[in-house]
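Chain letters run A, B, ... following the sequence lines, proteins first and then strands; every chain starts at 1.
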Amino acid sequence: MSSSILFSEFARVCSEIEPVSSSLEISARVADFFRGLNDDDLGTAAHFIMGQVFPAWMERELGVGPSFLYESIATAYGMQRRAVEDLLRRTGDIGVTAERMCSQSVQRPLFTEELTLQRTYDNFNLIARIEGKKSQKRKVKLLADLLISAAPLEARYLVRLVAEELRIGVGSGAVRDAVANAFDVPANLVERGYMLVNDFGVVAVTAKNEGEKGLDSLTLIPGRPIRMMLAQLSGGMEKGIGEFSRPVVEWKFDGARVQVHKMGEEVQIFSRRMENITSSLPDIAALIREFVSGDTAILDGEAIAVGPDGRPRPFQDILRRFRRKYDVGQMAEEIPLHLALFDILYSDGSSLLDEPLESRRRFLERTVKEDPEGRIYLASQLATGDLSEVERTYNEALSAGHEGIMIKNLDSPYTPGRRGKNWLKLKPIMETLDLVVGGAEWGEGRRKNLLGSYEIACVEPETGRLLMMGRVGSGIKDDQLSELTDMFREKIISETGIDVGLQPDVVFEVAYEEIQKSVNYDSGYALRFPRLIRVRDDKSAEDADTIERVTELFEGQRTAAQN
DNA sequence: CCTATGTGCTCC
DNA sequence: ATTCGGA
DNA sequence: TCCGAATGAGCACATAGG
C-alpha cells in the first residue's frame with residue numbers, strides 16, 4: 001500500500017480550487033485529485049474536501065468550536081486571543097487569519113515528520129476523543145501543536161477544516177460529480193450510494209475498486225440512518241397544487257423530524273442529522289414496538305410535543321426532549337411526545353425508496369396499527385386538486401396549532417437528502433415588525449468587511465428604552481448589504497472585536513415565523529427565523545413597534561389559530 | 001454546589 | 001431553519 | 001433549478017471556575 005499524501009498537497013488542491021467558480025471545473029479538479037489517491041486517502045479526502053472532518057454517520061465530534069479554535073491559533077503562534085479576533089475582523093476569514101499569523105510566527109515545529117493526510121485525520125480522532133478534566137485545554141493544546149508544525153497554507157486549510165467551513169465551493173454536489181468523473185461511474189449511482197451510506201469516502205472507494213457493480217450493491221440497511229427527503233417552499237396554494245397531476249395534502253406538523261428503524265423488538269430512532277436519539281425517546285420507541293407490525297421497517301415522521309389540551313406545545317419544549325441523557329423518564333411524563341408518521345422507506349426485507357408515494361402510503365397503512373389513545377398515528381392524507389378542500393385542510397392545520405400543509409406528488413419516489421420539488425411546504429405569510437437597529441456584527445467570508453447581522457429591538461414607550469429581541473442577518477441582498485454597511489459606518493459609536501454599537505435611529509421591517517419567549521433578550525421575546533424585509537426610511541426609532549404590540553402578537557399566536 | 005461558557009444539535 | 005447569487 | 005455560503009433562536013451536556 002502506498003503511503004499517505006502530505007496535508008500540504010491537500011492544502012494546495014484547496015487553494016487551487018478556491019478561486020474557481022465554474023462548477024464543472026471544480027468537480028473536474030476534485031476528480032483529478034481523487035484519481036491519484038490510495039484507498040485510505042480517498043476515504044478521508046472525500047469528506048475533508050467538503051469541509052467535513054468526520055463522515056456524518058460516525059457519531060464523533062471534534063468538540064472544537066470558534067472559541068477553542070481562536071485560542072489554539074493564539075497559542076500556536078504566540079499571539080493574544082484578542083489579536084486573533086482583531087485580525088479575523090479584518091480578514092473576515094479564520095483560515096486566512098491563521099495563515100498570516102503562521103507566516104509571521106517564530107515558533108519552531110514540534111514534529112519532525114511532515115504532516116500527512118492520514119496523520120491529520122488521526123489527530124482529529126485524538127482531539128475528538130479527549131474528555132474529562134482539563135479536556136478543553138488539552139484539545140486546544142493538541143490543535144496548537146498541529147498548527148505549529150504546519151506551513152502557512154496548510155494552517156489556512158487546517159483551521160478552516162476544524163471550523164468545518166472550507167469555503168472553496170465544494171459540497172456534496174461537486175463531490176458526487178467528481179467521484180463519477182474520476183472513476184467513470186454514473187453520477188446518479190454515486191448519489192444513490194451517498195444517500196444510503198452517508199459517507200462519500202465509502203462511496204468513492206467502492207466506485208474506485210468495484211465500479212458500477214459495487215455502487216449497485218450498496219443497499220438500505222435497517223439500523224443505519226439514511227438522509228431524509230426534504231421539502232421546498234411552495235409559491236402559493238394554487239401554484240403548488242398545479243405542480244402535480246396527482247397532488248396529496250398533509251398537515252405540516254410543528255415538531256421535529258424523526259426516522260424510526262424497527263428490527264424485530266429493537267428500535268432505533270434518528271434525528272435529521274442522523275444522530276441516534278433512541279435513548280432520549282423511550283416513549284416513542286415503546287409506541288413503535290407496540291403499534292408497528294411486521295419485522296423490519298424504516299419509517300419517517302414527526303415527533304410532536306403535546307399539551308394537556310392535545311394541542312402542540314411551543315417548539316422549545318421539543319428541544320427539551322431531544323438529546324436528553326438525564327431525567328429522561330420524568331421529562332417524558334412532563335412533555336409527552338406524539339408521533340405522526342407520513343412515510344415508509346423499508347418494509348420486511350425490501351427498500352421502498354423507488355416506490356411511488358401512493359404505494360408507500362399503502363405499505364404505511366398496513367404497517368401501523370391504530371392507537372386508541374392517539375399517541376401514534378398516520379398523517380391524514382387528502383388526495384385532491386380542489387382548491388377549496390386544500391384551503392380547508394390548510395385552515396384546519398393552522399387551527400390545530402400546526403405550521404401549514406405539505407403538498408406532495410403521489411407519483412414521486414422517496415429522494416433522500418434532496419430538497420426536490422416533489423414535496424412542497426405551504427406556510428402562512430407572517431406579519432412583520434418594525435424594529436430599531438441598535439448594533440451589528442462584522443461578517444465573515446462573503447460578508448467580510450460588511451456588517452453581516454444586526455441587533456434589533458422594540459421600544460418601551462414610557463421610557464423610550466430599547467428592548468432587544470435578537471438579531472437579523474438573512475434576507476439581505478449583497479448590494480443592499482454594502483449600502484447598509486456604508487450607511488451604518490457613520491453611526492458606529494463603539495467597537496469591540498466583531499461587535500459594533502450603533503446609534504439607534506434606523507428601523508428595519510423584519511419578518512418572522514413566530515414570536516418566542518426568551519430569557520436571552522431584555523424584551524423577553526425573540527423571533528424565530530427573522531429576516532429583513534426592508535429598511536423603513538419613513539420611520540424613526542420612536543415609530544418602531546412597542547413591547548406592548550409584541551406582547552399582543554405573542555398572545556395572539558396561540559389563540560388566533562382557533563378561528 | 002452553583003453558575004458561566006462553549007459546543008453541537010434542532011427548527012419535516 | 002431562510003435567503004441570496006452564481007452556474 | 002440546483003447548490004453553496006451567508007445568516008437566525010434555543011435547548012442539553014460537558015467542562016471550568018468560584
Side-chain angles (χ1 to χ4, degrees), chain A residues 21-26 50-51 61-69 71 92 131-137 139 164-174 176 228-233 250-259 271-273 275 277 280 300-304 314-327 331 340 342-343 379 402-404 406 418-421 423 425 441 443-448 450 452-454 456 469-481 510-521 525-532:
Chain A
S21 59
S22 151
S23 40
L24 287 175
E25 194 181 335
I26 289 175
M50 35 190 276
E61 295 154 359
L62 266 187
V64 176
S67 183
F68 295 172
L69 186 53
E71 202 62 48
E131 59 180 9
K133 252 205 159 357
K134 305 270 176 186
S135 60
Q136 303 187 347
K137 286 209 168 89
K139 277 173 194 265
E164 305 219 80
E165 286 172 348
L166 221 40
R167 294 205 274 231
I168 59 172
V170 176
S172 56
R176 178 238 291 140
M228 295 184 182
M229 182 165 176
L230 304 173
Q232 222 172 45
L233 203 58
E250 295 170 5
W251 286 7
K252 180 184 190 301
F253 301 97
D254 189 10
R257 190 89 174 264
V258 287
Q259 186 177 92
S271 72
R272 214 178 109 116
R273 292 278 283 260
E275 213 179 317
I277 49 170
S280 305
D300 191 1
E302 186 87 355
I304 303 153
F315 179 73
Q316 281 136 300
D317 285 350
I318 298 169
L319 293 182
R320 304 189 61 194
R321 295 285 321 270
F322 270 57
R323 310 183 78 213
R324 176 173 287 279
K325 275 169 79 170
Y326 307 107
D327 305 321
M331 209 42 118
F342 48 73
D343 219 317
H402 288 290
E403 289 193 333
M406 301 293 300
R418 296 196 53 190
R419 195 169 290 279
K421 57 171 178 10
W423 286 12
K425 50 185 168 188
E441 258 184 22
E444 288 189 40
R446 208 149 62 102
R447 295 194 177 176
K448 76 171 177 179
L450 295 167
S453 100
Y454 299 87
I456 44 182
M469 299 200 58
R471 328 185 60 91
V472 60
S474 195
I476 314 171
K477 291 183 174 61
D478 281 4
D479 43 3
Q480 187 183 21
L481 197 66
V510 178
Y512 56 88
E513 299 293 318
E514 191 182 23
I515 298 174
Q516 302 174 314
K517 273 244 182 287
S518 171
V519 291
N520 296 319
Y521 296 109
Y525 297 102
L527 302 178
R528 189 171 169 197
F529 309 143
R531 56 259 193 197
L532 176 66

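Listed for the A/E302 side chain is a donor-acceptor partner under 3.5 Å among the backbone atoms of A/G255. Judged by distance alone, the side chain of A/Q316 and the main-chain N or O of A/K517 form a donor-acceptor pair under 3.5 Å. For A/R321 (side chain) and A/S280 (main-chain N/O), a donor-acceptor pair under 3.5 Å exists by modelled atom type. A donor-acceptor pair is defined here as one N or O able to donate and one able to accept, closer than 3.5 Å; no such pair exists between the side chain of A/H402 and the backbone of A/W251.
Distance OH (A/Y521) to P (D/dG10): 6 Å, rounded to an integer number of Å. With rounding to whole Å, A/I26 atom CD1 is found 9 Å from D/dG4 atom P. Rounding to whole angstrom units, OH of residue A/Y454 and P of D/dA6 are separated by 16 Å. Rounding to whole angstrom units, CG of residue A/L481 and P of D/dA6 are separated by 12 Å. Distance, A/I456 CD1 to D/dA9 C1': 11 Å, rounded to whole Å. In this entry the distance linking CD of A/Q516 with P of B/dC11 reads 14 Å, nearest Å.
Contact check on A/E513 versus A/R531 returns a salt bridge, with a Lys/Arg side-chain nitrogen under 4.0 Å from an Asp/Glu carboxylate oxygen. Salt-bridge annotation for A/R528 and A/E403: present, with a side-chain N of the basic residue lying under 4.0 Å from a carboxylate O of the acidic one. Electrostatic pairing of A/R320 and A/D327 does not count as a salt bridge here, judged by no charged N lying under 4.0 Å from a carboxylate O. The residues A/K139 and A/E71 are annotated as not salt-bridged, no charged nitrogen and carboxylate oxygen being separated by less than 4.0 angstrom. Between A/D478 and A/R447 there is no salt bridge, since none of the side-chain N atoms of the basic residue sits less than 4.0 Å from a carboxylate O of the acidic one.
Here A/E61 lies in heavy-atom contact (under 4.0 Å) with sugar-phosphate atoms only. Residue A/E275 is in sugar-phosphate contact alone, with no base atom involved, counting any heavy-atom pair closer than 4.0 Å across all strands shown. Contact annotation for A/G301: no contact, since no heavy-atom pair falls under 4.0 Å across all strands. No engagement by A/S280 is indicated, since no non-hydrogen atom pair under 4.0 Å with the nucleic acid exists. Nucleic acid contact class of A/L527 (heavy atoms, under 4.0 Å, all strands): sugar-phosphate only. Heavy atoms of A/L450 sit nowhere under 4.0 angstrom from any nucleic acid atom. A/E164 comes within contact range of no nucleotide atom at all, as no heavy-atom separation falls under 4.0 Å. Residue A/A231 is out of contact with every strand shown, counting any heavy-atom pair closer than 4.0 Å.
In DNA chain D, the stems built from three or more successive Watson-Crick or G-U pairs (distances below 3.5 Å) are B:1-11 with D:8-18, C:1-7 with D:1-7.
Applying the ring pair (Phe, Tyr, Trp, His ring centres under 6.0 Å) rule to A/Y525 yields the partners A/F554; only residues at least two apart in sequence or on another chain are considered. Partners of A/Y454 under the ring pair (Phe, Tyr, Trp, His ring centres under 6.0 Å) rule, at least two apart in sequence or in another chain, are A/F488, A/F508. Not counting sequence neighbours, the partners of A/E61 by the side chain to side chain contact (heavy atoms under 4.5 Å, CB included) test are A/R323.
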Given protein heavy atoms under 4.0 Å, the one-letter contact record of nucleotides 2-7 of chain C, with B base, S sugar-phosphate only and - none, is simply BSBS-S

Base-contact (B) and sugar-phosphate-only (S) positions in nucleotides 11-18 of chain D, heavy-atom cut-off under 4.0 Å, - elsewhere | SSSSSSS-

Would you sort out whether A/I456 and A/L527 count as a side-chain contact (heavy atoms from CB on, under 4.5 Å), showing the intermediate values?
-> CA-CA 10 Å; A/I456 44 182; A/L527 302 178; 4.2 Å; yes

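Dashed line: the shortest gap from a side-chain N or O of A/S453 to OP1 or OP2 of D/dA6 is not under 4.0 Å. For D/dG8, the OP1/OP2 oxygens have a side-chain nitrogen or oxygen of A/R471 closer than 4.0 Å. Close to D/dG8, at under 4.0 Å from its OP1 or OP2, lies no side-chain N or O of A/Y512.
Residue A/K421 is the one, among A/M469 and A/K421, whose nearest nucleotide of DNA chain D lies closer to the 5' end (criterion: closest heavy atom).
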